[in-house]
Amino acid sequence: MATILITGGAGYIGSHTCKLLASVGHLPVAFDNLSNGHADAVRWGPLQTGDICDRRQLRAAFEAWRPESVIHFAGLIEVGRSTADPATFYRANVAGSLALLEEMAAVGLRRIVFSSSAAVYGIPVSSPIPEEAPPAPVSPYGETKRAVEAMLDAFARACGINYAALRYFNAAGADPEGELGERHDPETHLIPRALRTALGLEPELVIFGTDYPTPDATAVRDYVHVSDLAAAHVAALDRLASGGGPLTTNIGTGSGRSVQQVLESCRRISGCRIPARTAPRRAGDPPELVAATGRAARDLGWRPHLSDLDSIIATAWAWHSARGA
């Protein structure tokens with residue numbers, strides 16, 4: 001059994017990954033400051049409360065648990081907020097990741113899987129997007145992810161830290177067994193906002209942009225089930241443990257779904273009307289973000305199994321409706 005430190009392990013994707021790690025025989029140690037995560041989502045291993053920006057707290061966690069590897073989820077994710085408050089995002093995402101890498105180098109910890117993002121691509125010139133597409137972030141959030149990728153490469157060269165950076169697309173859905181789900185505050189993601197509207201917790205769903213050059217004029221995204229994302233992280237960890245070298249790869253399905261298609265699926269699966277209104281596009285929102293998936297299949301042996309749209313929404317609806325939130 002390997003001990004794995006999961007930064008952000010009390011969060012949405014982190015907690016699903018902890019569950020999967022435990023199921024395959026590892027000990028996941030969730031390292032989280034609980035600013036966005038939830039202590040009650042840490043059920044498959046210990047919770048070490050701490051902040052990645054605090055090197056003393058990181059060192060204490062490394063000394064207490066002696067992990068073999070790190071999976072790094074901790075950070076801020078709201079694109080719009082990053083534009084209004086870039087300093088906070090650079091501090092949490094970049095300075096925090098730097099502290100983590102410095103402490104890893106200091107204690108001789110040499111394997112890390114990093115939660116990167118399709119936001120590094122900005123507004124793509126082609127679709128699906130290959131990993132070779134030049135990074136061109138259009139938000140401070142995307143810039144922070146790109147900066148951490150650059151740091152990983154530098155630490156790999158200077159310190160021998162081996163890494164996998166997973167550029168995943170739109171995480172969605174909930175644990176099929178109903179034990180975990182998505183609960184951000186505030187909630188900015190399309191599917192939970194639609195389902196919260198179905199439950200009467202929000203008055204209406206706002207659709208940003210109905211003038212995109214897409215089949216139904218709403219934005220298209222590549223939705224990946226959170227359990228499939230967890231499996232990708234475990235596959236990346238296994239690759240590093242078996243001697244595979246540094247890897248940067250997309251994690252997506254290769255298939256896009258529009259906002260309107262998501263809304264129709266939410267209405268059908270929930271059986272609710274889900275009132276909606278339109279609003280202008282948000283700055284920096286590309287018309288389409290869809291992953292090229294060949295590298296993940298080849299280098300990780302990873303393919304999604306739960307990421308058809310109806311399965312994503314059905315698991316999310318089961319989670320939200322059971323909680324009434």
Side-chain angles (χ1 to χ4, degrees), residues 4 6 8-28 30 32 36-45 47 71 73 77 113 115 166 168-184 187 189-199 201 221-238 251-257 261-272 274 291 293 296-297 300-325:
I4 315 297
I6 316 296
Y12 174 44
I13 307 173
S15 60
H16 283 80
T17 303
C18 286
K19 179 177 180 178
L20 181 58
L21 284 166
S23 76
V24 297
H26 298 310
L27 175 66
D32 202 300
N36 293 305
H38 304 274
D40 62 4
V42 182
R43 308 179 197 174
W44 295 275
L47 170 63
I71 302 181
F73 293 104
I77 65 171
V113 179
S115 167
L166 307 188
Y168 48 78
F169 284 60
N170 285 51
D175 172 38
E177 296 176 349
E179 294 184 288
L180 297 164
E182 188 169 8
R183 41 178 171 155
H184 299 115
E187 185 55 73
H189 293 162
L190 173 63
I191 290 172
R193 287 194 297 110
L195 298 179
R196 285 177 55 81
T197 304
L199 289 167
L201 301 173
R221 296 292 183 267
D222 190 336
Y223 294 91
V224 188
H225 195 284
V226 63
S227 295
D228 284 333
L229 280 177
H233 286 81
V234 175
L237 195 69
D238 290 345
I251 301 295
T253 68
S255 178
R257 295 290 182 267
Q261 287 175 307
V262 170
L263 176 57
E264 290 168 0
S265 181
C266 287
R267 285 170 169 163
R268 183 176 66 257
I269 288 168
S270 69
C272 300
I274 308 183
T293 60
L300 294 181
W302 177 87
R303 290 179 175 80
H305 298 290
L306 293 168
S307 293
D308 63 280
L309 185 60
D310 280 3
S311 293
I312 286 172
I313 292 172
T315 58
W317 176 242
W319 160 259
H320 284 285
S321 58
R323 296 177 68 249

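- R267 pairs by the salt bridge (Lys or Arg N to Asp or Glu O under 4.0 Å) definition with nothing, not counting sequence neighbours.
- Within the structure, the side chain to side chain donor-acceptor pair (under 3.5 Å) test picks out the following pairs touching residues 309-325 (sequence neighbours left out): H225-T315, S265-D310, R268-D310, D308-S311.
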TODO: Go through E182 and V226 one step at a time and tell me if the side-chain contact (heavy atoms from CB on, under 4.5 Å) criterion holds.
DONE: CA-CA 9 Å; E182 188 169 8; V226 63; over 6 Å; no
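- Remark: R257 CZ to I191 CD1 distance equals 11.5 Å, nearest 0.5 Å.
- Inter-residue side-chain proximity for V234 and V113 is flagged as unmet; no heavy-atom pair is nearer than 4.5 Å.
- Taking the six-membered ring where tryptophan is involved, the planes of Y12 and H184 are perpendicular, since the angle between them exceeds 60° and thus also 30°.
- In this structure, SG in C272 is found 7.0 Å from CG in L199, a value given to the nearest 0.5 Å.
- Atoms CD1 and CD1, from I313 and I269 in turn, are 5.0 Å apart once rounded to the nearest 0.5 Å.
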- [ ] Step by step, work out the side-chain contact (heavy atoms from CB on, under 4.5 Å) result for I6 and L21.
- [x] CA-CA 10 Å; I6 316 296; L21 284 166; 3.5 Å; yes
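- Between the NE2 atom of H233 and the CG atom of L300 there is a distance of 10.5 Å, given to the nearest 0.5 Å.
- For the pair G9 and D32, the tightest heavy-atom approach, listed with the atom from each and the gap, is N-OD2, 3.5 Å.
- A donor-acceptor pair is defined here as one N or O able to donate and one able to accept, closer than 3.5 Å; no such pair exists between the side chain of Q261 and the backbone of L263.
- For F169, the ring-ring contact (aromatic ring centres under 6.0 Å, His included) test picks out no residue, with sequence neighbours left out.
- Scored by the side-chain hydrogen bond (donor to acceptor under 3.5 Å, both in side chains) test, Y223 finds no partners at all (sequence neighbours excluded).
- Listed by first and then second residue, the salt bridge (charged side-chain N to carboxylate O under 4.0 Å, His left out) pairs involving residues 8-27 are K19-D175, K19-E177, K19-E179 (not counting sequence neighbours).
- Listed by chain and number, the residues in a ring-ring contact (aromatic ring centres under 6.0 Å, His included) with H305 amount to none (sequence neighbours excluded).
- Considering only residues two or more places apart in sequence or on other chains, R183 meets the side-chain hydrogen bond (donor to acceptor under 3.5 Å, both in side chains) condition with D40.
- A pairwise comparison of heavy atoms in C266 and A194 identifies SG-CB, 3.9 Å as the closest pair.
- Residues T293 and T253 share a closest heavy-atom pair of CG2-C, 3.6 Å.
- Partners of A322 under the side chain to side chain contact (heavy atoms under 4.5 Å, CB included) rule, at least two apart in sequence or in another chain, do not exist in this structure.
- When all heavy atoms are compared, the tightest approach of G252 to A291 is CA-CB, 3.9 Å.
- Put simply, the side chain of W302 never gets that close to the backbone of A236: no donor and acceptor are under 3.5 Å apart.
- When every heavy atom of S15 is checked against every heavy atom of A41, the shortest pair comes out as CB-O, 3.7 Å.
- For A22, the side chain to side chain contact (heavy atoms under 4.5 Å, CB included) partners two or more places apart in sequence, or in a different chain, are P28, W44.
- In plain terms, the two heavy atoms of I312 and A172 that are nearest each other are CG2-CB, 3.5 Å.
- For D222 (side chain) and G254 (main-chain N/O), a donor-acceptor pair under 3.5 Å exists by modelled atom type.
- Legend: residues meeting side-chain hydrogen bond (donor to acceptor under 3.5 Å, both in side chains) with S227, ordered by chain and number and at least two apart, are absent.
- The side chain to side chain contact (heavy atoms under 4.5 Å, CB included) test applied to L229 returns I13, Y168, A171, V224, I251, not counting sequence neighbours.
- Using modelled atom types, no side-chain atom of N170 and backbone atom of R221 make a donor-acceptor pair closer than 3.5 Å.
- Of the inter-residue distances, the one linking L309 atom CG with S255 atom OG reads 9.0 Å to the nearest 0.5 angstrom.
- With sequence neighbours excluded, no residue satisfies side-chain hydrogen bond (donor to acceptor under 3.5 Å, both in side chains) with R193.
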